[in-house]
There are 2 protein chains.
Amino acid sequence: MEFREAKNKFVQTWGALGSQWGINKTMAQIHALLMVSNEAVSMEDIMEELQISRGNASMNLRALMDWGIVYKEYKTGERREYFTAEKDLDELAVKISKERSKREIKPALKVLKEVSSIEADGTAEERHFVEQTTKLYDFVLKADNVLDKMTEYKDNWLAQILLKFMK
Amino acid sequence: MEFREAKNKFVQTWGALGSQWGINKTMAQIHALLMVSNEAVSMEDIMEELQISRGNASMNLRALMDWGIVYKEYKTGERREYFTAEKDLDELAVKISKERSKREIKPALKVLKEVSSIEADGTAEERHFVEQTTKLYDFVLKADNVLDKMTEYKDNWLAQILLKFMK
DNA sequence: AATAAGTTTCATTTTTTATTGAAAGTTTAA
DNA sequence: TTAAACTTTCAATAAAAAATGAAACTTATT
């Protein structure tokens with residue numbers, strides 16, 4: 001396999017993976033492209049390389065910047081904007097999990113808390129509902145916290161968490 | 001909030017969360033419904049409660065069973081099939097992460113290995129590509145393994161992983 | 001302050017994904 | 001072995017999500 005083919009395969013695969021995990025294909029592809037570029041890339045280049053429209057490129061670049069995993073760069077003497085991706089993978093993981101937690105897990109937790117707090121002295125059905133949603137709330141909260149800790153001390157998280165536990 | 005409202009809210013929320021993570025809405029909703037039911041539920045009931053067609057119910061129940069998180073149950077003297085969900089949340093997490101790893105992470109790793117193995121003594125661009133995809137391969141592999149370990153020893157995974165590390 | 005070079009927005013269109021429903025298939029039991 | 005009760009499949013349809021592209025907007029330069 002030669003370079004261009006490999007690069008293309010990587011971008012396509014990353015895009016497919018993204019869409020399986022609820023991140024739109026183009027957004028993941030742009031990110032992939034920037035990840036493996038050794039220098040900042042202009043919007044034109046991205047449009048050209050992925051064969052997408054200006055609007056699409058613009059909106060997904062904006063989304064990637066909102067996630068904090070793509071940065072704008074200005075070259076002196078040039079009007080055009082260039083883009084680079086966060087290339088530190090630990091940093092990338094931290095940002096993605098923080099963002100998804102904020103956008104998706106936290107709101108879900110809120111609902112879980114709400115629905116598990118209904119009065120249910122009634123039927124077995126109701127008691128089971130409250131029990132199960134309460135367990136789910138605790139579980140999701142715990143999982144979210146572990147993730148948070150893992151990312152907070154990104155280097156050697158295991159040792160760090162352990163330290164915290166022992167304190 | 002009273003019971004029916006709470007139950008409905010839970011099912012809707014779980015469905016939305018599912019679709020944000022690449023699991024189809026109905027599949028997540030059926031799972032939610034079964035999770036909070038204290039007894040096995042028939043396909044008819046599911047169709048009725050979620051207002052979905054027979055085909056849809058059938059296909060998504062099949063998918064949930066393929067994932068190993070929903071089981072068929074037979075009631076003696078009844079023709080009809082009933083369904084229950086895995087209610088142990090640790091077990092649920094294990095099964096979901098195993099399944100997603102198998103379906104999505106493993107194939108992605110394969111591609112990453114492939115594309116990071118190209119000959120690249122050429123340009124800086126090519127060298128950067130190989131370096132970056134190699135890092136990514138290592139990272140994803142490591143993350144996948146940690147998850148695997150966490151789920152393998154689901155109770156007190158921290159201590160267990162630590163033990164392994166120390167051996 | 002006019003213009004040029006570039007970027008963003010968003011109504012419309014396209015693509016992708018999920019759902020329906022009717023026909024085919026199974027299974028149980030009389 | 002037939003029929004009734006139920007489930008599965010899959011081509012057609014609907015719904016949801018993503019992409020387009022042209023107009024509006026911004027900013028830098030002369």
Side-chain angles (χ1 to χ4, degrees), chain A residues 11-34 40-67 70-84 100 103-104, chain B residues 11-34 40-67 70-84 100 103-104:
Chain A
V11 169
Q12 297 305 325
T13 304
W14 211 238
L17 199 64
S19 62
Q20 276 166 327
W21 287 85
I23 286 157
N24 98 43
K25 190 184 67 175
T26 305
M27 188 168 152
Q29 285 182 343
I30 293 177
H31 183 250
L33 190 63
L34 295 178
V41 179
S42 72
M43 202 156 92
E44 296 289 340
D45 294 338
I46 292 169
M47 289 164 56
E48 165 68 21
E49 189 125 3
L50 301 180
Q51 291 292 304
I52 58 173
S53 70
R54 188 171 292 288
N56 195 6
S58 173
M59 282 168 81
N60 282 297
L61 279 166
R62 137 97 33 206
L64 285 163
M65 288 188 292
D66 289 348
W67 279 61
V70 160
Y71 314 111
K72 234 181 219 179
E73 251 179 33
Y74 299 95
K75 293 197 180 177
T76 46
E78 279 209 62
R79 190 69 170 283
R80 190 175 296 196
E81 297 172 339
Y82 288 83
F83 301 89
T84 37
R100 296 208 80 156
R103 291 174 198 230
E104 294 144 21
Chain B
V11 169
Q12 296 306 324
T13 305
W14 211 240
L17 198 64
S19 62
Q20 278 167 327
W21 287 84
I23 286 157
N24 101 40
K25 191 184 66 175
T26 303
M27 186 168 155
Q29 286 182 343
I30 293 177
H31 183 251
L33 190 63
L34 295 178
V41 179
S42 73
M43 204 156 92
E44 296 288 340
D45 294 340
I46 293 169
M47 289 164 57
E48 165 67 23
E49 189 128 358
L50 301 180
Q51 291 291 305
I52 58 172
S53 71
R54 189 172 290 288
N56 197 6
S58 173
M59 282 170 81
N60 281 297
L61 278 166
R62 139 96 32 206
L64 285 162
M65 289 187 292
D66 288 347
W67 280 61
V70 160
Y71 313 111
K72 235 182 218 176
E73 252 179 33
Y74 298 96
K75 293 197 179 178
T76 46
E78 278 210 63
R79 190 69 172 282
R80 189 175 297 197
E81 296 174 338
Y82 287 83
F83 301 90
T84 37
R100 296 208 79 159
R103 291 175 197 230
E104 295 145 18

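Note that this is a predicted model, so its numbers are computed, not measured. Every heavy atom of this structure was used, including side-chain atoms; hydrogens, water molecules and symmetry mates were not. Numbered from 1 within each chain, the chains take letters A, B, ... in sequence-line order.
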Atom [atom1] of [X] and atom [atom2] of [N]: how far apart are they, to the nearest Å?
X        : N       : atom1 : atom2 : answer
Gln29(B) : dA18(C) : CD    : P     : 13 Å
Asn60(B) : dT17(C) : CG    : P     : 15 Å
Leu50(A) : dA19(D) : CG    : C1'   : 13 Å
Tyr74(A) : dT29(D) : OH    : P     : 13 Å
Asp45(B) : dC6(D)  : CG    : P     : 12 Å
Glu78(A) : dT29(D) : CD    : C1'   : 15 Å

Counting C-beta onward and ignoring hydrogens, is there a side-chain heavy-atom pair between [X] and [Y] closer than 4.5 Å?
X        : Y        : answer
Trp67(A) : His31(A) : no
Asp45(B) : Leu33(B) : no
Lys72(A) : Phe83(A) : yes

Nucleotide N/O to protein N/O under 3.5 Å, stretch nucleotides 25-28 of chain C:
{"residue": "dT27(C)", "atom": "O2", "partner": "Arg79(B)", "partner atom": "NH2", "Å": "2.3"}
{"residue": "dT28(C)", "atom": "O4'", "partner": "Arg79(B)", "partner atom": "NE", "Å": "3.4"}

Non-neighbouring partners of Glu49(A) that pass salt bridge (Lys or Arg N to Asp or Glu O under 4.0 Å), sequence neighbours left out: Arg4(A), Lys7(A)
What pairs of nitrogen or oxygen atoms, one from the protein and one from nucleotides 8-18 of chain D, lie under 3.5 Å apart?
{"residue": "dT8(D)", "atom": "OP2", "partner": "Ser58(B)", "partner atom": "OG", "Å": "3.2"}

Contacts of Ala57(A) that satisfy side-chain contact (heavy atoms from CB on, under 4.5 Å) - sequence neighbours left out: Met43(A), Met47(A), Ile52(A)
Set of residues satisfying side chain to side chain donor-acceptor pair (under 3.5 Å) with respect to Asn56(A), sequence neighbours excluded: Asn60(A)
Sequence-distant partners of Tyr71(A), side chain to side chain donor-acceptor pair (under 3.5 Å), two or more places apart: Glu86(A), Lys95(A)
Neighbour count above 12 (heavy atom, 6.0 Å) for Glu48(B) CD: no
